[in-house]
Amino acid sequence: MKKSSIIEARRKQVNPAVRQKVELSFQIVDRIHEILEAMGLKQKDLAMMLGKKEAEISKWMRGTHNFTIETLVSIENTLDAPILQVVHQEVKYPDYEYEPMIASEPVQPPEP
């Protein structure tokens, strides 16, 4: 898909946190378009398969829709293709050597 230089210039002016959300939304829409194209389907076909109105799917596919997990799972199941991939990173904790604690006499708080 060809990107517009005007849109790209405007995108750079957006707050980074907002830009990240919008970019992910566009990536989701792009992925759905890829799947539909590979299957020879159109948005109206997806609407019919999901039992939705074509106008609702069109709104989703503009890239500004806040997809719910439920919606994404429904689309994935309907198209039998993954849309999102969750990456797990194994957290490595440093190896610590623990020294045994030595009991001592209780410390009395200072008198007022």
Side-chain angles (χ1 to χ4, degrees):
M1 180 180 286
K2 186 177 177 182
K3 294 187 178 185
S4 164
S5 60
I6 295 170
I7 292 174
E8 292 302 311
R10 291 282 287 168
R11 194 178 285 183
K12 290 178 183 174
Q13 296 174 357
V14 177
N15 173 305
V18 172
R19 187 177 334 133
Q20 185 178 14
K21 292 176 191 176
V22 171
E23 185 60 35
L24 181 57
S25 184
F26 279 120
Q27 289 174 0
I28 291 169
V29 169
D30 288 346
R31 175 66 181 141
I32 295 169
H33 276 295
E34 289 171 5
I35 296 167
L36 291 174
E37 188 175 308
M39 297 176 79
L41 300 172
K42 301 204 179 294
Q43 288 182 152
K44 68 179 179 179
D45 299 317
L46 179 60
M48 188 176 64
M49 293 165 76
L50 291 171
K52 302 282 185 187
K53 293 184 179 184
E54 192 175 341
E56 184 175 0
I57 302 302
S58 179
K59 193 182 297 185
W60 291 359
M61 302 303 279
R62 287 189 196 124
T64 56
H65 180 73
N66 189 11
F67 288 97
T68 65
I69 296 296
E70 183 179 344
T71 300
L72 291 172
V73 168
S74 180
I75 295 169
E76 284 184 336
N77 288 339
T78 298
L79 298 176
D80 194 28
I83 295 170
L84 295 179
Q85 179 181 6
V86 178
V87 178
H88 294 276
Q89 290 183 331
E90 184 177 326
V91 179
K92 297 216 176 206
Y93 297 101
D95 293 329
Y96 291 105
E97 290 187 25
Y98 296 98
E99 294 183 25
M101 296 181 70
I102 301 172
S104 63
E105 292 184 26
V107 176
Q108 298 295 325
E111 292 186 29

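These numbers come from the heavy atoms of this one structure, side chains and all, not from hydrogens, waters or symmetry mates.
A continuous path of Ile, Leu, Val, Met, Phe, Trp and Tyr side chains, each step under 4.5 Å between heavy atoms, connects Met39 with Leu72, placing both in one hydrophobic cluster. Met49 and Ile75 fall within a single hydrophobic cluster, where Ile, Leu, Val, Met, Phe, Trp and Tyr are joined by side-chain heavy atoms under 4.5 Å apart, directly or via other members.
Other residues, nucleotides and ligands place no more than 12 heavy atoms under 6.0 Å from the CG atom of Asp80. A 6.0 Å sphere centred on CG of Asn15 holds more than 12 heavy atoms belonging to other residues, nucleotides or ligands.
Distance check, rounded to the nearest 0.5 Å: CG of Leu24 to CZ of Phe67 gives 10.0 Å. A distance of 8.0 Å separates CD in Glu23 from CG in Asp30, rounded to the nearest 0.5 Å. Between Glu56 atom CD and Leu46 atom CG the span is 10.0 Å, to the nearest 0.5 Å. Between the CD1 atom of Ile83 and the CD1 atom of Ile32 there is a distance of 4.5 Å, given to the nearest 0.5 Å. Here the NE2-CD1 distance, from His33 to Ile35, works out to 11.0 Å after rounding to the nearest 0.5 Å. Between atom CD of residue Gln27 and atom CG of residue Leu84 there is a gap of 9.5 Å, rounded to the nearest 0.5 Å.
The minimum heavy-atom distance between Trp60 and Val29, with the atom names listed, is O-CG2, 3.6 Å. Taking every heavy atom of both residues into account, Arg62 and Phe26 meet most closely at O-CE2, 3.6 Å. Across every non-hydrogen atom of Ser25 and His65, the tightest pair is OG-O, 3.4 Å.
Among residues two or more places apart in sequence or in another chain, the side chain to side chain contact (heavy atoms under 4.5 Å, CB included) test is passed with Gln20 by none. Taking the salt bridge (charged side-chain N to carboxylate O under 4.0 Å, His left out) definition, one finds that Glu54 meets it with nothing, sequence neighbours left out. For Glu34, the salt bridge (charged side-chain N to carboxylate O under 4.0 Å, His left out) partners two or more places apart in sequence, or in a different chain, are Arg31.
With contacts defined as side-chain heavy-atom distances shorter than 4.5 Å, the pair Leu79/Leu41 qualifies.
Using modelled atom types, one side-chain atom of Thr78 and one backbone atom of Ser74 make a donor-acceptor pair closer than 3.5 Å.
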